[in-house]
Protein chains: 2
Amino acid sequence: MATIKDVAREAGVSISTVSHALSGKRPISEPTRRRVLEAVERLGYRPNWNARSLASRSTRVLGLVVADISNPFYPTAARGVEDVAIQHDYSLIICSTDGDERREREYIDVLEARQVDGIVYMAGLAANRRLAELVARGGIPVVAADEQLRDLDLPGVFLMNERAGEMVADHLVALGHRRLGFIGGPRHLPTVGERLAGFVAGTASHGLPVADECVIYADNRAEGGQVAAAVLTALDRPPTAVFVANDMMALGVLEHCRSSGLAVPGDLSVVGVDDLPVARLVGLTTIHQPMYEIGATAARLLFEILESGGHPAPVRVQPELVVRSSTGPPLDRISDLEARAQLAVR
Amino acid sequence: MATIKDVAREAGVSISTVSHALSGKRPISEPTRRRVLEAVERLGYRPNWNARSLASRSTRVLGLVVADISNPFYPTAARGVEDVAIQHDYSLIICSTDGDERREREYIDVLEARQVDGIVYMAGLAANRRLAELVARGGIPVVAADEQLRDLDLPGVFLMNERAGEMVADHLVALGHRRLGFIGGPRHLPTVGERLAGFVAGTASHGLPVADECVIYADNRAEGGQVAAAVLTALDRPPTAVFVANDMMALGVLEHCRSSGLAVPGDLSVVGVDDLPVARLVGLTTIHQPMYEIGATAARLLFEILESGGHPAPVRVQPELVVRSSTGPPLDRISDLEARAQLAVR
DNA sequence: TTGAAAGCGTTACCAT
DNA sequence: ATGGTAACGCTTTCAA
């Protein structure tokens, strides 16, 4: 592997000239520059980033921690982060913690050891001290995206989760639902609590409660949704509509309905959050999250800190309800309407 | 940020003692070791990986290049690579080229500049010289996964694509289809060609051709499938069944059918390849690829090279047909059967 | 069992 | 416009 030294020798100039010819950090005569570039080409020289980082005390690398890269939400958000990073001539290390605390802890260490210039945290969990310590040390700026971290109050970009819950409540109540359910990921996640709070507030504003037994917490993924749906539909008085705190879980709910012969939306209306690409394919009514923008904004926030320090205020993004075919009037409501229509005819 | 020097001072020992206490590369007396560890803890010391790599000439980092991280195929494969990497105490840089040549070129440079110890290549494209040059220089071993690289003959792990095509052909012909179509990504991709070849060979063995106008190449993603399906179904004599070279495109085909009111499988049977998680949700018949295993095997291959050099033989994995609800007898065939059944009744 | 010192490939500063 | 050289933080000889 050719080094800067080899290039210098090949081009017949000093090391520092090569360095500057490549970085453009000081004027270089055109012929010299050309000779250097030719030597680079001939030797297939690629500057060693480790050495560069070591000498310059900046790695030009950002860390991105996501909860589960196989949730389609993250790749898009990651792309947002990455594009902004690339604009700033940075690159990205993506760490998928898979909801596993040990793994998450290790990744934090890796990112710190790698001396990344900053971290975008999109993993929710972080129950562990590791991140708190890192933040406390203050060496590496961290911004959160999508999910605020418990007890940490990082700068970041978040969906207006309460608003999202309200919108869903309005939609379902308007359709005629009276018995409503909620399915969410682990209860300690701020987003889950906020979405539920908004949902409850929304239904309450129409004079409707959300019964305790109709609120189920489960694993954050499709399987969790499936399990929760089974519990919910087995109730004596099952809800006619359910708000599911994210699309992956909502897909699980749909799967449960399919496999147990429940009609959607006839027997159960389902609303998710995220608007994953697959939501369109399966006709899932959901709250749209601007995933790419959330990632990009988080990255911009990070560069803002990197460049001018400080603790920028959190950015809150507007939810948007996308109505598809997984929501409709409840069955009893339909027969009700039909009955009235018939009365009218007479 | 505390350095090894700080730790040495704090613990009252030399730098090399700290280094060895941490790496365990030479015997250290218990009390000394403890003092060092305490100092590390107190200062929150994290070894600088750049410096370490520079000094030891090994980064313990692998590069993973994927075509499109938002294709659910990749995360799972990536997980396979990552798990094996972690077992070897390596970490992973994931690069998503997005099918963009410029981006791909840049990433290759990044990985080389970062001095990764090896690269798993899962992106197909690589029409560019960059990778060829890198391979030619021979500094960094590269293995391919899922898609062999044109003109490069890397060690790697691949699906038996011809076999997959044959299996699909057998399945569709057995259902009674006579007019068959094929939709694939860019024709220069080896997998696409191989899957088509197997498909054609399979139908031929039943005495059936695949008409030229029924073979469509398009963009590798869902949108491409949608476009291709539109072309195919607009034909004078459209096929009654189509083999789509990957699930994302197949989802696009399904989407086209839905939006244009075509029944699946009544009007068109659809088979994909990959068996993405979403395939189950939408009931897509498809060829199962062991994604995780493909990734893990590729990583193992890479470590094999790293440890003992050489050029291991390519690993080929068996395809498996998963029949779901997107395939069935063609409509005319159904009426045909019904007609016969009625005849039988009389 | 420990310490000193020579690199590793760059950048950045001080000269010229 | 160019060259020399001291860092950067660590690993790895070589000595003791």
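Side chains are part of it too, since the values below use all heavy atoms of this structure and drop only hydrogens, waters and symmetry mates. Below, read A as the first sequence line, B as the second, and so on, with proteins coming before strands; counting in each chain starts at 1.
One atom, NZ of B:Lys5, and another, C1' of D:dT11, lie 15 Å apart when rounded to the nearest Å. One can place CG of B:Asn50 at 13 Å from P of C:dT11, the figure rounded to the nearest angstrom. Separating the CZ atom of A:Arg57 from the C1' atom of D:dC10 is a distance of 14 Å, rounded to the nearest angstrom. In this entry the distance linking CG of A:Leu54 with C1' of C:dT11 reads 10 Å, nearest Å. For A:Leu22 and C:dA12, the CG to P distance is 13 Å, given to the nearest whole Å. Atom CZ in A:Arg114 sits roughly 16 Å away from atom C1' in D:dG9 (whole-Å rounding). Between the C1' atom of C:dG9 and the OH atom of A:Tyr45 lies a distance of 7 Å, rounded to the nearest Å. What separates NE2 of B:His20 from P of D:dC10 is a distance of 14 Å, to the nearest Å.
Under the 4.0 Å criterion applied to side-chain N and carboxylate O atoms, A:Glu106 and A:Arg102 are assigned as salt-bridge partners. The pair B:Asp6-B:Arg42 does not count as a salt bridge, with every side-chain nitrogen at least 4.0 angstrom from each carboxylate oxygen.
The neighbour count for A:Arg46 CZ, taken as heavy atoms of other residues, nucleotides or ligands under 6.0 Å away, is above 12. Around the CZ atom of B:Arg221, the shell of radius 6.0 Å holds no more than 12 heavy atoms that belong to other residues, nucleotides or ligands.
Phosphate proximity of D:dG3 to A:Thr17: present, with a side-chain N or O under 4.0 Å from OP1 or OP2. For A:Lys25, a side-chain nitrogen or oxygen approaches OP1 or OP2 of C:dA12 to under 4.0 Å. Side-chain nitrogen and oxygen atoms of A:Ser16 include none within less than 4.0 Å of the OP1 or OP2 phosphate oxygen of D:dG3. Dashed line: the shortest gap from a side-chain N or O of B:Thr3 to OP1 or OP2 of D:dG9 is not under 4.0 Å. Regarding contacts with the backbone of D:dT12, every side-chain N or O of B:Ser19 stays at 4.0 angstrom or more from both OP1 and OP2.
Using a 4.0 Å heavy-atom criterion, one finds that A:Ser29 contacts the sugar-phosphate atoms exclusively. At the heavy-atom level, A:Ile15 lies under 4.0 Å from base atoms of the strands shown. Across all strands, A:Ser53 comes closer than 4.0 Å to no nucleic acid atom at all (heavy-atom distances). Within 4.0 Å (heavy atoms only), B:Ser23 reaches no atom of the nucleic acid at all.
Partner B:Tyr292 forms a side-chain hydrogen bond (donor to acceptor under 3.5 Å, both in side chains) with one of B:Thr297, B:Asp83, B:Thr76 and no other, that one being B:Asp83.
When every heavy atom of A:Trp49 is checked against every heavy atom of B:Arg114, the shortest pair comes out as CE3-NE, 2.9 Å.
For the helix from C:dT1-D:dA16 to C:dT16-D:dA1, the terminal axes (five pairs an end, C1' atoms, rotation from four pairs onto the next four) enclose an angle of 40°, given to 10 degrees.
No side-chain donor-acceptor contact under 3.5 Å links B:Ser58 and B:Ser56.
Residue-to-nucleotide proximity on DNA chain C shows that, of B:Arg33 and B:Ala51, the 5′-proximal contact is made by B:Arg33.
With distances taken from any side-chain atom of A:Ser14 to the nucleotides D:dG3, C:dG7, C:dT10, the minimum falls on D:dG3. Residue B:Ile4 has its side chain nearest to D:dC10 when only C:dG9, C:dT2, D:dC10 are considered. Between D:dC10, C:dT1, D:dA7, one nucleotide has an atom nearer to the side chain of B:Pro47 than all others, and that is D:dC10.
Between A:His88 and A:Phe303, the two ring planes are parallel [angle under 30°; tilted spans 30° to 60°].
Interface remark: the B:Arg26 side chain does not form any donor-acceptor pair with the C:dT1 base, using a distance-only criterion of under 3.5 Å. A:Ser56 contributes no side-chain N or O that forms a donor-acceptor pair with the base of C:dA12 under 3.5 Å.
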